[in-house]
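So the structure is just underneath, and the comments pick up after that.
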Amino acid sequence: MGSFYLSTPIYYASGEPHLGHAYTTILADVLARYRRRAGDDVLFLTGTDEHGQKIQEAAAAQGVTPLELCDVMAKRFEAAWEEMGISHDRFIRTTEPEHIAVVRALLERLYDNGLVYEAEYTGWYSVGQERYFTEKEIGPDRVDPIAGGPVQRIREKNYFFRMSEFREGLIRHIEDNPEWIVPATRRNEVLGFLGQGLADLSISRPRSRIHWGIPLPWDSDQVTYVWVDALTNYVTASGAIEPGAPTEERGFGDGRRPSWWPCDVHLMGKDILTTHAVYWPTLLMGADLPLPRKILAHGWWVVGDTKMSKSLGNVVDPLDLREQYGADAVRWYLMREMPTGQDASYTPDRFLTRYDELRNIFGNLAHRTLSMVKRYRGGTVPDAPAGGLASETGRALAAYRRGLDGYRFHEGFAAAMDLARAANGFVEAREPWALAREPARAGELDETLATLVRTLAVLAAMFEPVMPVQTRELALRLGLAGVPLLADLEAADLAGHAVAVGQPLFPRVDTGISDQENPRLLDPVEPDG
RNA sequence: GCCGGAGUAGCUCAGUUGGUCAGAGCAGCGGAAUCAUAAUCCGCGUGUCGGGGGUUCAAGUCCCUCCUCCGGCACCA
């Protein structure tokens with residue numbers, strides 16, 4: 001029992017929602033649902049990042065205002081999450097007045113703490129692209145990597161945050177808290193990064209060049225660098241800062257304001273780990289705010305089988321599978337197939353294998369159990385001891401909790417599926433159909449069915465975070481009001497419940513995806529913030 | 001180039017602090033059963049645990065070296 005605050009990155013509103021966004025968000029949703037079932041109060045935050053040059057340019061190209069464009073895009077993300085069953089509590093947008101005020105309050109705090117100075121930013125600027133490129137991007141030939149045109153060394157006024165002052169403190173924090181950045185390999189990378197030294201961070205851009213941003217409190221000719229703007233959303237949503245209050249009463253780390261801060265876990269793709277594990281913590285240190293409790297960087301989906309994608313030139317986007325297989329199946333695949341934190345490759349074949357697992361092991365267990373209760377006991381759960389799979393259930397629950405608590409979701413759900421396998425084995429061992437032929441063994445049959453029904457309730461509770469739709473359906477068929485909490489399972493008494501058989505939870509889908517009908521081009525997946 | 005990770009059955013991978021650790025799932029082969037979505041269950045693996053060397057009574061499990069693959073190396077939203 002407690003509270004749990006988790007976040008996805010806010011997604012940049014210049015592009016459509018894609019698999020990378022969806023994976024992070026589903027991961028967060030699974031965690032949010034799991035914590036809710038554990039009895040926690042949860043704040044699950046996601047949203048859109050709406051300032052910056054790309055938005056400004058995209059809006060201009062479409063002949064709309066930046067905000068009009070963002071309104072459309074934010075709705076698109078919200079709609080996508082609705083389709084995928086995402087249960088976020090708050091959808092934040094960086095164009096919200098509250099957020100803008102919090103960003104300015106945070107900047108003011110840094111400024112007041114003497115951590116901001118004015119300097120000249122020097123970089124390689126492409127006139128054609130109207131933007132800077134990094135040394136890496138322009139390469140040894142120093143050309144615009146997009147159009148191939150020339151780049152020139154130019155200077156502009158920026159304000160800088162004294163990030164370098166926090167380097168040693170951050171290193172110490174990472175070393176003292178081995179579980180702060182997970183997985184460990186990412187933690188090592190951050191330490192390696194910090195080991196090379198840490199420069200100060202440019203936190204503003206001239207408004208003459210980028211107007212679509214949050215003006216600095218002390219210099220309205222400069223707008224806030226988008227990353228500073230974006231990262232601050234985590235604090236905005238937490239309620240830790242009251243921008244409208246007098247400076248000394250705004251909150252921050254003084255504990256005077258009740259808030260969700262610090263965040264329990266920031267989830268993100270590995271591509272934006274540095275900003276979350278270096279920029280963000282140092283900014284928080286500078287503003288006297290506590291650091292988030294955990295930073296989890298997950299891997300990327302890569303399009304597997306290079307040969308296939310090369311020869312066919314296309315592959316089905318897993319998100320498109322929702323229409324045919326349902327959101328639960330897509331979520332199951334994404335959570336079960338990718339070891340949390342690592343990369344995984346997507347292939348239609350693997351999706352089908354995972355779907356078959358779901359359909360045959362879990363879906364069929366539910367269907368055969370409900371059918372037998374109906375056939376042998378008139379659809380009423382027998383009043384009999386239901387401890388037939390007690391040790392298997394105990395083991396599964398322990399492994400499940402170990403997995404989810406340890407952010408190894410794939411392991412946790414594998415443990416749940418193992419329990420379903422054990423239950424199928426239990427059916428074979430007890431042979432209810434044989435028991436039903438012998439009136440003298442009615443008690444055994446009752447116990448068998450009671451055990452199976454109870455196991456279905458346990459499975460519904462274990463699978464709910466990843467498959468909220470069908471587990472709810474299953475719970476209803478078991479005569480429950482909803483999916484039970486794990487903690488309530490012991491007390492749950494299903495005896496006497498009227499069950500409904502219904503259609504299979506995960507039906508056989510005949511129009512397979514491997515027949516290459518309706519393929520869609522899928523770019524290599526690189527989730528961004 | 002520097003730093004880090006990984007190479008275990010056909011495929012995807014588990015394998016804490018060295019001693020039933022040579023495993024699971026999928027695929028394949030054989031069998032059983034019929035409640036169920038022809039869905040399930042049981043049985044079957046002679047794998048040099050990337051190559052080589054070393055430490056040890058004992059090494060996927062520690063050390064050295066080589067090979068291969070991958071990731072990170074900042075303003076990319």
Side-chain angles (χ1 to χ4, degrees), chain A residues 9-15 48-55 94 121 123 131-137 145 158 160-161 163 183-203 205 225-231 270-275 278-279 299-300 302 304-305 336-337 339 342-345 347 349-350 352-354 356-357 359-376 410-411 414 417-418 421 423-436 445 448-449 452 501 503-509 526 528-529:
Chain A
I10 49 175
Y11 305 114
Y12 201 54
S14 70
T48 42
D49 178 12
E50 308 189 347
H51 288 125
Q53 185 161 350
K54 278 192 188 172
I55 300 282
T94 55
Y121 175 85
R131 57 160 286 194
Y132 284 93
F133 287 103
T134 62
E135 291 274 354
K136 195 165 89 181
E137 284 175 312
N158 277 189
F160 284 76
F161 164 60
M163 185 161 71
T185 178
R186 300 296 163 211
R187 173 176 172 271
N188 289 341
E189 285 174 9
V190 173
L191 281 173
F193 175 84
L194 289 168
Q196 297 167 27
L198 189 65
D200 289 339
L201 181 70
S202 165
I203 57 167
R205 298 289 184 271
Y225 172 46
V226 284
W227 262 117
V228 175
D229 176 351
L231 290 163
K270 61 184 182 179
D271 51 324
I272 54 172
L273 175 61
T274 302
T275 49
V278 178
Y279 297 3
W300 287 356
V302 296
D305 203 327
R336 181 66 192 85
E337 186 76 354
Q342 296 177 220
D343 287 351
S345 63
T347 67
D349 221 42
R350 294 295 300 173
L352 286 179
T353 298
R354 287 301 180 196
D356 285 347
E357 172 182 51
R359 174 170 61 94
N360 297 341
I361 305 300
F362 177 47
N364 185 51
L365 174 70
H367 202 239
R368 70 196 304 204
T369 297
L370 295 171
S371 296
M372 287 190 283
V373 171
K374 183 180 181 192
R375 178 185 288 241
Y376 301 135
H410 59 296
E411 289 182 13
M417 194 56 83
D418 284 344
R421 282 201 167 82
N424 277 314
F426 181 76
V427 173
E428 301 301 323
R430 291 300 187 98
E431 300 189 304
W433 47 91
L435 296 175
L445 179 54
T448 299
L449 295 177
L452 290 170
V501 180
Q503 293 300 304
L505 297 174
F506 302 99
R508 193 175 176 77
V509 179
E526 295 186 7
D528 63 21

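Labels below follow one simple rule: chain letters A, B, ... track the order of the sequence lines, proteins then strands, and each chain is numbered from 1. Please read these numbers as outputs of a predicted model, since none were measured by experiment.
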[X] vs [Y] side-chain heavy atoms within contact, under 4.5 Å:
X      : Y      : value
A:Y225 : A:N158 : no
A:M372 : A:V427 : yes
A:H367 : A:R359 : no

Euclidean distance, atom [atom1] of residue [X] to atom [atom2] of [N] [Å, nearest integer]:
X      : N     : atom1 : atom2 : result
A:L231 : B:C75 : CG    : P     : 15 Å
A:Q196 : B:C2  : CD    : P     : 13 Å
A:F193 : B:G71 : CZ    : P     : 19 Å
A:L191 : B:G5  : CG    : P     : 12 Å
A:D200 : B:A74 : CG    : C1'   : 13 Å
A:K270 : B:C76 : NZ    : C1'   : 15 Å
A:W300 : B:C70 : CH2   : P     : 14 Å
A:L194 : B:G4  : CG    : C1'   : 15 Å

Separation of the [atom1] atoms in [N] and [M], to the nearest angstrom:
N     : M     : atom1 : result
B:C13 : B:G71 : P     : 15 Å
B:G28 : B:G45 : C1'   : 11 Å
B:U34 : B:G19 : C1'   : 47 Å
B:A22 : B:U16 : P     : 13 Å
B:C49 : B:U20 : P     : 16 Å
B:C67 : B:C75 : C1'   : 38 Å
B:G51 : B:U40 : P     : 37 Å
B:C63 : B:G18 : C1'   : 13 Å

Output all residues satisfying salt bridge (charged side-chain N to carboxylate O under 4.0 Å, His left out) with A:E189, sequence neighbours left out; order by chain, then residue number.
A:R186
Out of curiosity, [X] [atom1] to [Y] [atom2], how far, rounded to the nearest 0.5 Å?
X      : Y      : atom1 : atom2 : result
A:M417 : A:R336 : CE    : CZ    : 8.0 Å
A:I203 : A:D229 : CD1   : CG    : 12.0 Å
A:F362 : A:N424 : CZ    : CG    : 11.0 Å

In B/S/- notation, 5' to 3', how is nucleotides 32-39 of chain B contacted by protein heavy atoms closer than 4.0 Å?
-SSBBB-S
One character per nucleotide, please: for nucleotides 6-17 of chain B, 5' to 3', B when the base has a protein heavy atom closer than 4.0 Å, S when only the sugar-phosphate does, - otherwise.
--------S---
For B:G60, does the O4'-C1'-N9-C4 (purine) or O4'-C1'-N1-C2 (pyrimidine) torsion place it in syn, i.e. within 90° of 0, or in anti?
syn
Mapping A:V190 and A:V226 onto RNA chain B by nearest heavy atom, which one lands closer to the 5' end?
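The answer here is A:V190.
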RNA chain B: 5'-proximal contact among A:L198 and A:G192 (nearest heavy atom):
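The answer here is A:G192.
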So salt bridge (Lys or Arg N to Asp or Glu O under 4.0 Å) across residues 427-436 of chain A, not counting sequence neighbours, yields A:R368-A:E428
Least distance between heavy atoms, [X] atom then [Y] atom:
X      : Y      : value
A:E50  : A:T94  : N-OG1, 2.8 Å
A:L370 : A:V501 : O-CG2, 3.7 Å
A:G299 : A:K270 : CA-CD, 4.4 Å
A:Y12  : A:H51  : OH-O, 2.8 Å

Residues in side chain to side chain contact (heavy atoms under 4.5 Å, CB included) with A:T274, at least two apart?
A:F193, A:V278, A:Y279
Counting any heavy atom closer than 4.0 Å, what does A:A199 reach on the DNA or RNA strands: base, sugar-phosphate only, or nothing?
base
Find the runs of at least 3 consecutive base pairs, i with j, i+1 with j-1 and so on, that include RNA chain B, using Watson-Crick or G-U wobble geometry with both distances under 3.5 Å.
B:1-7 with B:67-73, B:10-13 with B:23-26, B:28-32 with B:40-44, B:50-54 with B:62-66
